[in-house]
Amino acid sequence: MGAQTLYDKLWDIHRVEELPDGSTLLYIDRHLLHEVTSPQAFSNLRLAQRKPWRVDTSLATPDHNVPTLSREQGINGITDHIARQQIAVLESNSREFNIPLFALDDIRQGIVHVVGPEQGLTLPGMTLVCGDSHTATHGAFAALAHGIGSSEVEHVLATQTLRSRKLKNFRIRVEGRLVLGVSAKDVALYIIGTIGSAGGSGHALEFCGPTIDAMSMEARMTLCNMSIEAGARVGLIGYDSVTEQYVRGRPLAPNAAQWDAAVDYWRTTLHSDADAQFDQELVIQAEDIAPQVTWGTSPEMVMPINGRLPTLGMARDALQRQDWERALAYMDLQPGQALAGLPLDRIFIGSCTNARIEDLRAAAEVLRGRRVHDRISQALVVPGSGLVRMQAEREGLDRIFKDAGFEWRSPGCSMCLGMNADRLSPGERCAATSNRNFEGRQGKGGRTHLVSPAMAAAAAVAGELTDLRSL
Amino acid sequence: MQPLIIHRGTIIPLNRANIDTDILLPKQYLKSLESTGFSNFLFDDERYLDPGEIDTPIATRRENPAFILNQPVYREGSVVLAQANFGCGSSREHAVWALRDFGVCVVIAPSFGDIFRNNCFNNGVLPLQIEQSLVDALFEQAEAQPGLQAEVDVAQRLLSVGSGVWCFDLDDGRCQRLLKGLDEVGESLQYAAKINAYEESRRLTEPWLFRS
């Protein structure tokens, strides 16, 4: 066999059968479930009198619509009765079908994409799926991971496989050292700004190069998480000693008897061959990346904090010009204006992109000894899991956030998509560490500026978008 | 799943790129436990002047008369025409359920979000990918003639609008699934023995993935 990319290898290892319809039956090693995209799949299983193929490999946890306040009473504390019912149904489905569950009152509950890696549920070389587009996060572990729809959730539950079609390969190499104040989030936004929100469509992205090698696993997860915002379902990073150190000792990591064999297999298998061919390649210089902030309603509408919005004349065609005009009107911004100094109403630090312990540390570092500006009506910090929250409290980060004027909440997706009570009001402007600035994403009429955790903290202090390097 | 064989319907022209699944169906409707009943919530933020929740009686909502789906000629529309990257963003299949429930059988665009495209095929909706130049030409026609009809023949892979007829690409497997409205799970379970054999081999090569 010729030289292969990491994606090619993962694909080949998981092939069960080539089907007559031209798709491939791909074996799925791990399946994460949450309350929003699974109820219809369970209902259909029940209707067809089917059983899950293999339950020991799944995990369910509520995250999308859980409240981030009043969690002491567990599910009974949820005042939104429709949300409460959806979470109750996840619990009853998990019990009925014997699927392991981290319930609302479990310290391990959290955003699926934070919980999976934290528990060692996410392991190198796996295929992993979830009814959520940010499943690409787990690709940081050299695992083939992507989001699926509810019909596919049902298919995986019933057959432990997916009917898949092979993607093309797109390698993004990042060289050099990131400048001070620039994080993985900025790298992700910069890449999306470079290739566009459909630039990765039909491709598996593989991130590599010295800048990626130097990143922690949490930073790599942030980067892979945003692949879908560049149109790519899959984002991957090859296995190395950083991966190994992160996985070692996790609750569901291979046990001591199997560890050496697992590491040996991962080390020899999970990387692209030196002469592997990619369908597309891009090389980026880390030094070119300044702290990023989005200005529009697609993550590709992004710019350096010290720059200016494009003018309409810079649009590549009439259609883009029209999309920019629509975005500018929605965001209440003018072509060519600067974003630094733009007043804000709210701050959101959280989401599967940026709610891990390193994200909270980065934000707290900026906030230490400082106060949230009077203009900010609400500054939220929502840890990604109960264990992240506990770790942060152990380090005293909660005190730094609270002393600065942030609200210290319980884990969930929260204001990233505003399914729970954490939402923007029409016209409100928010600096958010989440992943989507779509119209209405954080609440109907809400205006989202995507930034890194440190930039969100700096914005909270300044009461406006600001270059954290100037604080 | 309803078979899709030949479909004729009014084109709904949405001349924008990057129409994401949050726009197609906002988050508050994802609290539903069902996979039907989303028709009234398609494009909710743009379709109504007031905010809605899943239990808001629809009769109390105020329609936005400027929005295309509220214009009489498009209320029964069933062929969406849009620009690039339609259905990007969230994996929510609810977005496709809302389109299907509204009566949309075909979405024509130069490109689609990858997850959205799969979700369409799993619900008997055809994501019809055609060249940008043809999309632009269709917009010109559809915007000049509100109520313009399109006909899609899935078996022949033909799109007809006015006097124009164009071929489109669709692989055999997906074509057959649309034509027959096939249940994919039942079909895949015919390979149960192969899946079992595969699992047994993986138990040997990567035993740490199996705890029992």
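Chain identifiers are assigned alphabetically (A, B, ...) following the order of the sequence lines, protein sequences preceding nucleic acid strands; residue numbering begins at 1 within each chain.
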Exercise for review: Find the one option among B:N123, B:T21, B:N118, B:T205 whose heavy-atom pairs under 4.5 Å with chain A are most numerous.
Suggested key: B:N118

Check your understanding: Does anything in residues 101-108 of chain B get under 4.5 Å of chain A by heavy atoms, and if so which residues?
Key -> none

Donor-acceptor list for residues 130-140 of chain B side chains, cut-off 3.5 Å, not counting sequence neighbours:
unit_1	atom_1	unit_2	atom_2	d
B:Q132	NE2	B:Q83	OE1	2.8
B:Q132	NE2	B:D136	OD1	2.9
B:D136	OD1	B:Q83	NE2	3.4

Point to revise | Heavy-atom pairs under 4.5 Å with chain A, option from B:A192, B:A197, B:C175, B:S201 with the top count | key: B:A192

Review point. How far does CD of A:Q320 sit from CG of B:N18, to the nearest 0.5 angstrom?
Key: 9.5 Å

Check your understanding: Quick check: does any side chain N or O of B:D114 sit under 3.5 Å from a backbone N or O of A:S201, one acting as donor and the other as acceptor?
Key -> no

Review point. Hey, what do you get for CD (A:Q160) to CG (B:N196), rounding to the nearest 0.5 Å?
Key: 11.0 Å

Practice item. Compare every heavy atom of A:K444 with every heavy atom of B:D50, then report the nearest pair and how far apart it is. Key: O-NZ, 3.6 Å

**Study point:** Residue part contacting chain A, namely of B:D45, when any heavy atom lies under 4.5 Å
**Key:** both

Check your understanding: Of all heavy-atom pairs between B:N119 and A:E152, which one has the smallest distance, and what is that distance?
Key -> OD1-OE1, 4.1 Å

Practice item. Report the distance from atom CG of A:L19 to atom NZ of B:K194, rounding to the nearest 0.5 Å. Key: 10.0 Å

Practice item. Return the minimal non-hydrogen interatomic distance between A:R50 and B:G186, and the atom names on each side. Key: NH2-CA, 3.4 Å

**Study point:** Salt bridge flag under 4.0 Å for residues B:D171 and A:R165
**Key:** yes

Check your understanding: Should B:E199 and A:W53 be marked as a side chain to side chain contact (heavy atoms under 4.5 Å, CB included) after you check the CA-CA gap, both sets of side-chain angles, and the distance that decides it?
Key -> CA-CA 11 Å; B:E199 268 181 347; A:W53 182 274; 3.0 Å; yes

Review point. So how far is it from A:R233 CZ to B:S91 OG, rounded to the nearest 0.5 Å?
Key: 10.0 Å

Practice item. Would you mind reporting whether A:D21 and B:R174 have side-chain heavy atoms less than 4.5 Å apart? Key: no

Check your understanding: Run the side chain to side chain contact (heavy atoms under 4.5 Å, CB included) check on A:H155 and B:S188 step by step: do they pass?
Key -> CA-CA 8 Å; A:H155 194 280; B:S188 296; 2.6 Å; yes

Revision key, fill the gap. Most heavy-atom pairs under 4.5 Å with chain B, out of A:T135, A:I13, A:L123, A:N435, belong to A:I13

Point to revise | Heavy-atom closest contact (A:A158 atom, B:L189 atom, distance) | key: O-CD2, 3.6 Å

Review point. So what's closer than 4.5 Å to chain B heavy atoms on A:R436: side chain, backbone, both or neither?
Key: side chain

**Study point:** Exceeds 12 heavy-atom contacts within 6.0 angstrom, atom CG of B:D169
**Key:** no

Point to revise | Other residues, nucleotides, ligands: >12 heavy atoms within 6.0 Å of B:Q2 CD | key: no

Review point. Are A:E154 and B:N122 close enough that some pair of their side-chain heavy atoms sits under 4.5 Å apart?
Key: no

Review point. Quick one: which residues of residues 22-32 of chain B reach chain A at under 4.5 angstrom, heavy atoms only?
Key: B:D22, B:I23, B:K27, B:Q28, B:L30, B:K31, B:S32

Review point. For A:A48, is it the side chain, the backbone, both or neither that has a heavy atom under 4.5 Å from a heavy atom of chain B?
Key: neither

Check your understanding: When rounded to the nearest 0.5 angstrom, what distance separates CD in B:E187 from OG1 in A:T159?
Key -> 12.0 Å

Exercise for review: Please check if any side-chain donor atom of B:N15 sits under 3.5 Å from a side-chain acceptor atom of A:Q322, or the reverse.
Suggested key: no

Practice item. Scan for ring-ring contact (aromatic ring centres under 6.0 Å, His included) pairs involving residues 173-196 of chain B, sequence neighbours excluded, and state none if there are none. Key: none

Exercise for review: Might you work through the side chain to side chain contact (heavy atoms under 4.5 Å, CB included) test for A:T269 and B:E206, ending with a clear yes or no?
Suggested key: CA-CA 12 Å; A:T269 314; B:E206 293 173 69; over 6 Å; no

Practice item. Name the region of B:A84, side chain, backbone, both or neither, that has any atom closer than 4.5 Å to a heavy atom of chain A. Key: neither

Check your understanding: Among A:R326, A:E300, A:E17, which residue forms the greatest number of heavy-atom pairs with chain B at distances under 4.5 Å?
Key -> A:R326

Revision key, fill the gap. If one checks every heavy atom of B:A95 against chain A at 4.5 Å, the contacting part turns out to be neither

**Study point:** Contact leader toward chain A among B:R202, B:Q176, B:E34, where contacts are heavy-atom pairs under 4.5 Å
**Key:** B:R202

Revision key, fill the gap. Interface check, chain B: of A:R163, A:Q86, A:Q85, most non-hydrogen pairs under 4.5 Å belong to A:R163

Review point. Taking every heavy-atom pair that is under 4.5 Å apart, which of A:S150, A:A198, A:P39 has the most such pairs with chain B?
Key: A:S150

Exercise for review: With the side chain counted from C-beta on, respond yes when A:H14 and B:Y198 share a heavy-atom pair under 4.5 Å apart, and no when they do not.
Suggested key: yes

Exercise for review: Give the member of A:G202, A:P299, A:S298 that has the highest number of heavy-atom pairs under 4.5 Å with chain B.
Suggested key: A:G202

Review point. Where do B:I115 and A:G149 come nearest, in terms of heavy atoms and distance?
Key: CG2-N, 4.2 Å

Exercise for review: Please report the shortest heavy-atom distance between B:S90 and A:S133, naming the atom on each side.
Suggested key: CA-OG, 3.7 Å

Point to revise | Nearest-0.5 Å distance, CH2 of residue B:W208 to CG of residue A:L252 | key: 15.5 Å

Practice item. Heavy-atom pairs under 4.5 Å with chain B are the metric here; pick the option from A:W259, A:F42, A:W266 that has the most. Key: A:W266

**Study point:** Intermediate values then yes/no, side chain to side chain contact (heavy atoms under 4.5 Å, CB included), B:E53 and A:I82
**Key:** CA-CA 10 Å; B:E53 289 294 327; A:I82 299 173; over 6 Å; no

Check your understanding: Of the backbone (N, CA, C, O) and the side chain (C-beta and beyond), which part of A:V89 lies under 4.5 Å from a heavy atom of chain B, both, or neither?
Key -> side chain

